[in-house]
Amino acid sequence: MFDQLVGNDRVKKLLRRMLDEQRLPGAMLFTGEEGVGKKLFALEIAKALNCRSPRGAEGCGSCPSCKRISKFNYPQSSESDDWKGIIWTDHPDVGMVVAPKRVLQVEQMRAIEREANFRPYEGRARVFLIDDADKLNDASANALLKVLEEPPHTSHIVLLTARPAMLLATIRSRCQMINFSPLTSGEIETHLVENRIAGIAEAPTRARVARGSLGRAVEQDFQEFTAQRAAMLKVLEALAAGDDRIQLLHSSEDLNAAPVKDEFEQRLDILETLIRDAWMLSLSAPAESVVNYDLLPQLERISKRLGGRRPEGWISQIEEMREQLIVNINRKAATDALFLTMAASSSSILPPKRRFLIK
Ligand SMILES: [Zn+2]
């Protein structure tokens, strides 16, 4: 039942109508950020088409067919060869392909074409998901074109991607595109509480910082997140204090220390949300617009100390450093330079723009 899925009521309505009128397209492209439920919606379609005791045009969710469609038989090993076939669910008419490494393979698309041409073994329709369809390269995309053009009427192919612009126009034009919106923080919060994933104290913040992705909210280690955020709040405090260079260089060292090295990008993300929050408050935006709502008193204090400083400039300086990190500069030196540049650009006389140290 679509009602059991979180959010995207517009998509639910559209899919229900298509199922009701029995005009579900053979090729569909589900787009939208990671973790908004694209795969669950595609599986819900597979259930609707194969349910043994359908409720109207929808799957019941509890008959043997529906239950088996919910369970994928993922390969036990990480050997890429084991991932090159179709990963079937417990239902013989519903499967998915995922890229074994960075690219979806030609042979995977041929397998879909072959299987799509069989009549359903057990249910009324066969459904194939192509996960992260942006990982199609020219060769595998071309191998898929024919079956997308004219899928047999008992087969449906659903491509899933957060990056539709990466797909060839010839693929996009053959699919009915269905766009998923980010979830509201209210929708995420309710799901976290009702499913006992988070307590009432933790759920609101966890929902807000997930930025519309239920997947992100569910997978997040909240304790780790709050530790990371406390460290980044110190950076913001030092910036707001004007020119606390010693604290900033300490923070840069912490950020690059071995145990947290892998969290570097995540921590910069968090720093950006904190800067945005303080900036919003300094512009007298309502408190509800703040992402890190549980830190409201601290953020309000910081926002008052910003005076005429330009937090949006800090965000673009962080973004500029991220771009430079792609070309492999020394990260520690770049972070030192970033924080000092941010501190300098927040004093009243702006120095000439400094390039980050490149080693
Ligand atoms: Zn069912």
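Whatever order the structure lists them in is the order used to number ligands and atoms, beginning at 1.
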(message) Can you confirm if the NZ or CZ of R331 lies within 45° of the ring axis of F264 and under 6.0 Å from the centre of its six-membered ring?
(response) yes
(request) Indicate the atoms forming the closest heavy-atom contact of I171 with A141, along with that distance. (result) CD1-O, 3.6 Å
(message) If you compare all heavy atoms of K12 against all heavy atoms of V6, which two are closest, and at what distance to 0.1 Å?
(response) NZ-C, 4.3 Å
(message) Donor-acceptor check, side chain of N50 to backbone of R124, threshold 3.5 angstrom: yes or no?
(response) yes
(message) Tell me whether K71 contacts the main-chain N or O of H91 through its side chain, where contact means a donor paired with an acceptor under 3.5 Å.
(response) no
(message) Is the ring pair F41/F2 parallel, tilted or perpendicular, if the boundaries are 30 and 60 degrees?
(response) tilted
(message) Keeping to distances under 2.8 Å, can you name the protein N/O/S atoms close to the Zn ion (ligand 1)?
(response) C51 SG, C60 SG, C63 SG, C66 SG
